[in-house]
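Heads up: numbering here begins at 1 and tracks the sequence. Please read all numbers here as calculations on a predicted model, not as lab measurements.
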Amino acid sequence: MIRSCVALFIVAAAPAAMAQSLSPAPTPGLWESRTKMLVNGQDMGEMMRKAQEEMLKSVPPEQRKQMAEMMRAHGGGGMMGGTTQDCLTPQEAARATDLKRMFADMHKEQPGCRFEPIKAGGSSATFKVSCKDPEGFTGDGQGEIRILDAKSTTWHYEGTGRMQGMDRMPPGMKALGGAPGAVKIQVDSTSRWVAASCGNVK
């Protein structure tokens, strides 16, 4: 569910009566995204950073640098919070605002979730979602994406429900209202075009 929040920004695609695409299309090239994720009001990116710092303290000095680089590559950003960079090809840019195609991709990735459009058209889309995943998140939420221009977008998602594995969360993480596994998730992200060349970023 956490990973799916990113793709949810454009799921309002199903009804033929609604707009089939948003505009303008994003500019191909290097994009940078800054994301902040709160679970029950606590910053998951900050909690993960502190947990990684504690882990590195127990690693021999000769291995510390290598492990730190590995952590940055695999867990230093994205949905848990932080900054990530992605290379958007012309082909990907062309399909990035195709709501019907995005919905199909999203349903394939998250078959346990049901998506319903609220409003879609122009440069924004809003949606609601209901998920039932016995091994992950079960609950309801809604979100919105806004295309500010061809080189910048923002999106917001929030939902409430229950999350399996809350007992394995960091010690400071508490369930919403004290109920076992209860969570409120909020994710905010801003993406912007950086350059036409992606360099070494895939």
Side-chain angles (χ1 to χ4, degrees), residues 1-39 43-46 48-49 72-111 113-129 131 141-159 185-202:
M1 178 61 191
I2 291 175
R3 182 163 53 93
S4 75
C5 293
V6 173
L8 286 173
F9 58 73
I10 266 183
V11 300
M18 301 193 75
Q20 293 298 301
S21 64
L22 299 181
S23 63
T27 303
L30 181 64
W31 281 72
E32 182 175 271
S33 298
R34 297 181 182 274
T35 303
K36 184 174 183 178
M37 176 178 179
L38 302 179
V39 175
D43 190 329
M44 288 301 294
E46 182 65 15
M48 178 177 286
R49 185 185 64 79
R72 282 194 294 270
H74 295 284
M79 286 306 301
M80 287 296 181
T83 302
T84 57
Q85 290 188 331
D86 296 283
C87 184
L88 190 68
T89 67
Q91 294 76 17
E92 291 169 336
R95 64 176 284 170
T97 57
D98 185 329
L99 297 177
K100 188 173 183 179
R101 186 173 292 179
M102 283 287 181
F103 178 80
D105 291 344
M106 187 59 209
H107 181 71
K108 184 177 180 179
E109 182 179 339
Q110 297 291 330
C113 294
R114 183 178 75 250
F115 311 106
E116 296 182 31
I118 298 175
K119 183 179 180 181
S123 61
S124 66
T126 57
F127 61 91
K128 58 182 177 179
V129 57
C131 293
Q142 65 180 41
E144 178 182 33
I145 178 175
R146 288 185 176 275
I147 301 178
L148 305 181
D149 53 49
K151 294 184 177 180
S152 59
T153 64
T154 64
W155 60 266
H156 170 82
Y157 170 84
E158 58 182 68
I185 299 172
Q186 179 176 322
V187 185
D188 288 281
S189 182
T190 299
S191 300
R192 66 181 184 89
W193 183 87
V194 177
S197 174
C198 294
N200 296 325
V201 178
K202 295 182 179 181

Could you give me the CA-CA distance, side-chain angles and deciding distance for V129 and Q142, then say whether side-chain contact (heavy atoms from CB on, under 4.5 Å) is met?
-> CA-CA 6 Å; V129 57; Q142 65 180 41; over 6 Å; no

Worked check of side-chain contact (heavy atoms from CB on, under 4.5 Å) between L38 and I185 | CA-CA 6 Å; L38 302 179; I185 299 172; over 6 Å; no

Below 3.5 Å, can you tabulate the donor-acceptor pairs from side chains in residues 193-202 to any protein atom, sequence neighbours excluded?
residue: W193; atom: NE1; partner: P28; partner atom: O; Å: 2.9
residue: W193; atom: NE1; partner: A195; partner atom: O; Å: 3.4
residue: S197; atom: OG; partner: G199; partner atom: N; Å: 3.4

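For the atom pair OG of S33 and CH2 of W155, the computed distance is 9.0 Å after rounding to the nearest 0.5 Å. The CD1 atom of I145 lies 9.0 Å from the OG atom of S124; values are rounded to the nearest 0.5 Å. Taken to the nearest 0.5 Å, the OH atom of Y157 stands 14.5 Å off from the CD atom of E144.
For the residue pair K151 and D149, the shortest heavy atom distance occurs at N-OD1, 2.8 Å.
Considering only residues two or more places apart in sequence or on other chains, T153 meets the side chain to side chain donor-acceptor pair (under 3.5 Å) condition with none of them. Considering only residues two or more places apart in sequence or on other chains, S189 meets the side chain to side chain donor-acceptor pair (under 3.5 Å) condition with T35. Scored by the side chain to side chain donor-acceptor pair (under 3.5 Å) test, S123 finds no partners at all (sequence neighbours excluded). The side-chain contact (heavy atoms from CB on, under 4.5 Å) check on D188 picks up H156, Q186, with sequence neighbours excluded. In terms of the side-chain contact (heavy atoms from CB on, under 4.5 Å) criterion, residue partners of T89 (sequence neighbours excluded) are, by chain and number, Q91, E92.
For the pair T27 (side chain) and A150 (backbone), a donor-acceptor distance under 3.5 Å is present. Side chain of T97 to main chain of L22: a donor-acceptor pair is present (N/O by atom type, distance under 3.5 Å, no hydrogens or angles).
Within the 4.5 Å cutoff, no side-chain heavy atoms of S21 are placed close to those of D98. In this structure the side chain of P26 reaches within 4.5 angstrom of the side chain of L88, judged on heavy atoms.
Screening residues 23-34 for salt bridge (Lys or Arg N to Asp or Glu O under 4.0 Å), with sequence neighbours left out, gives E32-R34, E32-R192.
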